[in-house]
There are 2 protein chains.
Amino acid sequence: MAKGGGSSRVGKRPAKGDTYRRLVDAAIETLCHDGFGGASARVIARRAGCNQALVFYHFGSVANLLLAALDETSARRMDRYRGAVATAGNLSALAGVAADIYREDLDAGHITVLSEMIAGASSTPGLGEEVAARIEPWIDFTETTLRRFVDSTPMGQLVPIRDAAFAIVALYLGVEMLTHLGDECTAAESLLATTAQLSTFLTAFSAAAPTSTGFR
Amino acid sequence: MAKGGGSSRVGKRPAKGDTYRRLVDAAIETLCHDGFGGASARVIARRAGCNQALVFYHFGSVANLLLAALDETSARRMDRYRGAVATAGNLSALAGVAADIYREDLDAGHITVLSEMIAGASSTPGLGEEVAARIEPWIDFTETTLRRFVDSTPMGQLVPIRDAAFAIVALYLGVEMLTHLGDECTAAESLLATTAQLSTFLTAFSAAAPTSTGFR
DNA sequence: GTCTATACTTGGATAGAC
DNA sequence: GTCTATCCAAGTATAGAC
């Protein structure tokens with residue numbers, strides 16, 4: 001609301017675009033590299049190459065800057081996921097695409113930002129609700145994506161899709177946390193391969209089984 | 001090593017048992033209630049009803065106390081899980097038992113301690129390895145438990161058990177984090193119910209299918 | 001073993017010069 | 001918009017009295 005106002009024209013950036021953006025990027029990098037506990041105004045500002053006071057000038061508080069960082073990565077990744085998922089033809093292909101993008105995420109650290117914010121929310125009053133509101137779109141996205149592939153198959157009757165979407169998002173987060181603990185990247189990689197195989201099986205299963213299994 | 005030494009007899013507690021234990025319990029409660037970021041020596045000591053300096057006298061550092069807290073909950077819960085899992089006869093019953101104990105965990109906050117420690121490890125140098133070493137037993141436990149029920153079924157050939165164990169632990173963590181964010185306890189509860197149903201289906205599937213599916 | 005007192009550090013946040 | 005300077009709160013850790 002206060003942002004964007006001032007003495008400049010509408011279409012032109014009021015010079016906000018420079019350090020403001022650099023702070024957001026620096027916050028993302030800091031969350032990935034030093035975690036929520038290490039993401040102080042001073043550390044972030046140093047990485048952004050500016051003064052610590054600017055964090056409060058632009059965002060009012062460190063927590064707000066961190067939320068802006070989460071918004072930024074969320075938006076970037078959501079675009080990427082939407083685009084990539086659109087190219088998948090069946091459930092098996094979807095799993096393959098999801099695995100590829102997930103590897104991108106691990107590399108770029110976008111899921112790391114999310115999990116750090118979730119973790120940090122426990123010790124920062126009021127942050128939990130804000131973070132929760134930013135996760136819901138991901139569960140929704142996962143749900144609609146799943147429905148597109150699964151709703152017409154027997155699995156659509158067998159498994160509550162909303163639960164499956166929730167579980168998938170939770171699994172992503174859990175794998176991320178465990179992966180960033182030690183050097184067990186092999187475990188995550190192995191799991192991705194397994195998931196790809198399983199989805200191939202499920203696709204075959206869905207195609208072979210009758211439209212309704214009568215189960216449940 | 002330094003603990004237990006001093007002027008007292010072997011079988012007798014050197015009065016260590018009092019505040020030492022109270023500090024560990026207070027650390028557990030603090031991790032659950034205030035998160036890793038809120039678990040300072042001062043806050044924990046206040047909850048334990050003693051002085052802040054005793055944290056450093058007994059444990060040397062806050063991080064060490066937190067690790068002791070993790071060890072304590074881990075040991076308690078491992079006992080409980082082992083005992084409960086032993087009563088399960090098939091995969092479906094196992095899922096039911098797991099769901100029950102998981103609810104206990106959510107209530108008592110034992111998984112919360114684990115996830116907070118994982119999250120906090122990102123911003124405390126050297127903590128990651130310690131926490132990782134304390135998670136491995138849980139993956140091992142999950143793996144051997146799974147094998148006991150699944151190894152002789154077609155699923156044993158279809159799914160790499162180690163991956164499945166890793167995924168289950170990751171899922172537990174992810175669900176915990178999402179649950180403690182807002183008041184989405186309903187989502188976790190719904191997921192537990194779904195899992196119970198699914199495992200029933202899988203049990204039936206395993207019984208009906210031939211010993212080897214020839215898949216993979 | 002436990003407490004008080006204290007040294008030292010870091011972090012959030014604001015005021016005011018430029 | 002950006003910087004310097006500063007205040008204040010909170011945390012880790014140690015020394016020393018009891």
Side-chain angles (χ1 to χ4, degrees), chain A residues 2-9 12-24 26-27 30-31 33-69 116 120 122-127, chain B residues 2-9 12-24 26-27 30-31 33-69 116 120 122-127:
Chain A
K3 290 278 104 65
S7 55
S8 52
R9 289 273 69 79
K12 205 186 147 211
R13 296 276 150 57
K16 147 194 169 176
D18 205 33
T19 52
Y20 183 97
R21 235 180 294 267
R22 283 217 315 279
L23 277 174
V24 172
T30 305
L31 277 173
H33 197 264
D34 306 301
F36 184 90
S40 70
R42 289 177 150 90
V43 171
I44 297 173
R46 188 179 320 130
R47 204 187 287 269
C50 72
N51 193 273
Q52 162 255 156
L54 290 179
V55 167
F56 304 96
Y57 172 78
H58 283 292
F59 300 92
S61 72
V62 177
N64 279 343
L65 167 54
L66 263 27
L67 283 173
E116 286 297 329
S122 334
S123 33
T124 308
L127 192 55
Chain B
K3 290 279 107 62
S7 55
S8 52
R9 288 273 69 77
K12 206 186 147 209
R13 295 277 151 56
K16 147 193 169 174
D18 205 34
T19 52
Y20 183 96
R21 235 179 293 268
R22 284 218 316 279
L23 277 173
V24 172
T30 306
L31 277 174
H33 198 263
D34 306 301
F36 184 89
S40 71
R42 287 178 151 89
V43 172
I44 297 173
R46 189 179 318 131
R47 196 173 233 121
C50 71
N51 192 274
Q52 162 256 156
L54 290 179
V55 168
F56 303 96
Y57 173 79
H58 283 293
F59 300 92
S61 71
V62 178
N64 279 344
L65 167 54
L66 263 27
L67 283 173
E116 286 295 329
S122 336
S123 35
T124 307
L127 192 55

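Letters go in sequence order (proteins before strands), and every chain restarts at 1. For clarity, every value in this text was computed on a predicted model and none was experimentally measured.
Atom-to-atom, CG of A:L54 to C1' of C:dA13 comes out at 13 Å; the value is rounded to the nearest Å. Atoms NE2 (B:H58) and C1' (C:dC3) sit 12 Å apart, rounded to a whole Å. Atom CZ in A:R22 sits about 11 Å away from atom C1' in D:dT2, given to the nearest Å. Distance B:L65 CG to D:dG11 P: 14 Å, rounded to the nearest Å. Atom-to-atom, CZ of B:R46 to C1' of D:dA10 comes out at 11 Å; the value is rounded to the nearest Å. A:I44 has its CD1 atom 17 Å from the P atom of C:dT10, to the nearest Å.
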Any chance you could lay out the side chain to side chain contact (heavy atoms under 4.5 Å, CB included) test for B:V24 and B:F59, step after step, and finish with the verdict?
CA-CA 10 Å; B:V24 172; B:F59 300 92; 3.8 Å; yes
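Residue A:T19 comes nearest to A:H58 through the heavy atom pair OG1-NE2, 3.5 Å, listed as atom of the first residue, atom of the second, then distance.
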Using distance only, find each side-chain donor-acceptor pair of residues 34-50 of chain A under 3.5 Å and give its atom names and separation, not counting sequence neighbours.
residue, atom, partner, partner atom, Å
A:D34, OD2, A:R47, NH2, 3.2
A:S40, OG, A:V43, N, 3.3
A:R47, NE, A:T30, OG1, 3.2

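At a threshold of 4.5 Å between non-hydrogen side-chain atoms, the residues B:V55 and B:N64 do not count as touching.
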Its contact letters, B for base, S for sugar-phosphate only and - for none at protein heavy atoms under 4.0 Å, make nucleotides 13-18 of chain D read BB----
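When the side-chain nitrogen and oxygen atoms of A:T19 are compared with OP1 and OP2 of D:dT2, one or more of them lie within a distance under 4.0 Å. One finds a side-chain N or O of B:S40 lying less than 4.0 angstrom from the OP1 or OP2 phosphate oxygen of D:dG11.
The CG atom of A:L127 sits 9.0 Å away from atom OG of A:S61, with the distance rounded to the nearest 0.5 Å. Atom CG in A:L54 sits 13.0 Å away from atom OH in A:Y20 (nearest 0.5 Å).
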